[in-house]
There are 2 protein chains.
Amino acid sequence: MSESASPVKFRPEEIPAELGGLRMTKQRKEVYCLLMDQRDHPTAQDVFIRAKERMPNISLATVYNCLEALVNHELVRQVNFDRAPSRYCPNLEEHVHFQDLETGAIHDVVFKKGININDFLELPEGVEVRELELTLKGIMPSSTKKN
Amino acid sequence: MSESASPVKFRPEEIPAELGGLRMTKQRKEVYCLLMDQRDHPTAQDVFIRAKERMPNISLATVYNCLEALVNHELVRQVNFDRAPSRYCPNLEEHVHFQDLETGAIHDVVFKKGININDFLELPEGVEVRELELTLKGIMPSSTKKN
DNA sequence: AGAAAGAATTGGAACAATTCTAATTAAATT
DNA sequence: AATTTAATTAGAATTGTTCCAATTCTTTCT
Ligand SMILES: [Mn+2]
Ligand SMILES: [Mn+2]
Ligand SMILES: [Zn+2]
Ligand SMILES: [Zn+2]
């Protein structure tokens, strides 16, 4: 499980002009940095509020556009818990999400090493899984919480 | 995997006046029967359209109310795929959902017998999982499809 | 049974998240 | 520099869902 803030601060000027085939505009860099920087799965609104601090003229539409572009180019992942506002995650490793019901915080959870989908699901022969989304909700002991 | 229509037809008049602590009104019986009857994970709109055939005056608000009541009393499950309209499922066995990307059809998938969440996820010690939602999308071979 | 209270249904208004539109600005290409 | 292409912006529109207040239905009480 991880919620640890990355030790380095991502700065827009360090981001190359193109990333994964996507032209990185000023706004896209800002949104991307902010996600990489505070890896806490913010909503589009959260991103909008944070982005405005360094870029007061950015619009909510642009935030949505940037997030969509980043998601389409697989630089960022969109995470849905039920029908709550989508959240965005810059962790590209295969992982799933756990929401602490006490704090609302979302944590990344990885699969056991070497585990395969057919090891735990009774999938019919020949089915090809293209997308998997797994979300968990529950309670974390406070000892685990602070790390 | 299952999409098999149940062989018996559920009729509202067979439903008891109360189910799992929920008073079964005429509308709730209708909605519940219809879900039990065609186990294809319809949306609220789908339910509304189907319900109107036998109950032309039912309102969409009532369909939402009924579904909410049934879900709260754990007679029916709400299923979300990304931000698409919620779907409703009368299968109370523990299971997850697979959507066929070619047809849009949703199929129930069960866990391997005896499997535990800690067998496939790297969950920190002491975390208590209260809810789990797993959705899959992919391609089914047409042989598997028709059963 | 009849009256009163409580609960559910209804149609339409309100809502929240997201998407769309058309105008403006910025960047890339010629 | 002029032209073409792409991105950003503010605000309107859309969509699924929830809320509201009035009406109807059911249950409880006398
Ligand atoms: Mn859920
Ligand atoms: Mn998804
Ligand atoms: Zn994540
Ligand atoms: Zn199901």
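Throughout, protein chains are lettered first and strands after them, A, B, ... in sequence-line order, and every chain is numbered starting at 1.
Pro141(A) and Gly126(B) get closest at one heavy-atom pair: CD-O, 3.3 Å. The minimum heavy-atom distance between Met140(B) and Glu102(B), with the atom names listed, is O-OE1, 4.3 Å.
Under the 4.5 Å side-chain heavy-atom criterion for Ile, Leu, Val, Met, Phe, Trp and Tyr, Leu134(B) and Ile117(A) are members of the same hydrophobic cluster. Hydrophobic clustering (ILVMFWY, side-chain heavy atoms < 4.5 Å, transitive): Leu123(B) and Ile139(A) are in distinct clusters. Taking hydrophobic clusters as Ile, Leu, Val, Met, Phe, Trp and Tyr residues chained together by side-chain heavy-atom distances below 4.5 Å, Val109(A) shares a cluster with Ile115(A).
Between Arg83(B) and dT18(C), a side-chain N or O to OP1/OP2 separation shorter than 4.0 Å is present. Contact annotation: Tyr64(A) reaches the phosphate of dT18(C) (side-chain N/O to OP1 or OP2, under 4.0 Å).
For His73(A) and dA6(D), the NE2 to P distance is 12 Å, given to the nearest whole Å. Residue Gln45(A) contributes atom CD, which lies 7 Å from atom P of dA17(C) at whole-angstrom precision. One can place CZ of Phe48(B) at 10 Å from C1' of dG11(C), the figure rounded to the nearest angstrom. Atom CD1 of Ile49(B) and atom P of dG16(D) are 11 Å apart (whole Å). Following rounding to the nearest Å, Asn80(A) (CG) and dT17(D) (C1') show an atom-to-atom distance of 16 Å. Atom CD of Gln78(A) and atom C1' of dA17(C) are 11 Å apart (whole Å). For the pair Asp82(B) CG and dA17(C) C1', the interatomic distance rounds to 15 Å; values are reported in whole Å. dA7(C) atom P lies 18 Å from atom CE of Met24(B), rounded to whole Å.
Checked against His97(B) for a side-chain hydrogen bond (donor to acceptor under 3.5 Å, both in side chains), the options Glu133(B), His41(B), Lys137(B) give a single hit: His41(B).
Backbone-only engagement by Ser86(A) is indicated by non-hydrogen atom pairs under 4.0 Å involving sugar-phosphate atoms exclusively.
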Under 3.5 Å between N/O atoms: give me all the protein pairs with nucleotides 7-10 of chain D, atom names plus distance.
unit_1 : atom_1 : unit_2   : atom_2 : d
dA7(D) : OP1    : Arg28(A) : NH1    : 3.3
dA7(D) : OP1    : Arg28(A) : NH2    : 3.4
dT8(D) : OP1    : Thr25(A) : OG1    : 2.5
dT8(D) : OP1    : Gln27(A) : OE1    : 3.2
dT8(D) : O3'    : Gln27(A) : NE2    : 3.1
dT9(D) : OP1    : Asn57(A) : O      : 3.2
dT9(D) : OP2    : Ser59(A) : N      : 3.2
dT9(D) : OP2    : Thr62(A) : OG1    : 2.5

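With Lys112(A) contributing its side chain and Asn118(B) its backbone, the two residues share a donor-acceptor pair below 3.5 Å. For Arg39(A) (side chain) and Cys89(A) (main-chain N/O), no donor-acceptor pair under 3.5 Å exists by modelled atom type.
With rounding to the nearest 0.5 Å, the separation of CD in Gln45(A) from CZ in Arg50(A) is 12.0 Å.
Helix bend of the helix from dA1(C)-dT30(D) to dT30(C)-dA1(D): the angle between its two end axes, each built from five pairs, comes to 20° after rounding to 10°.
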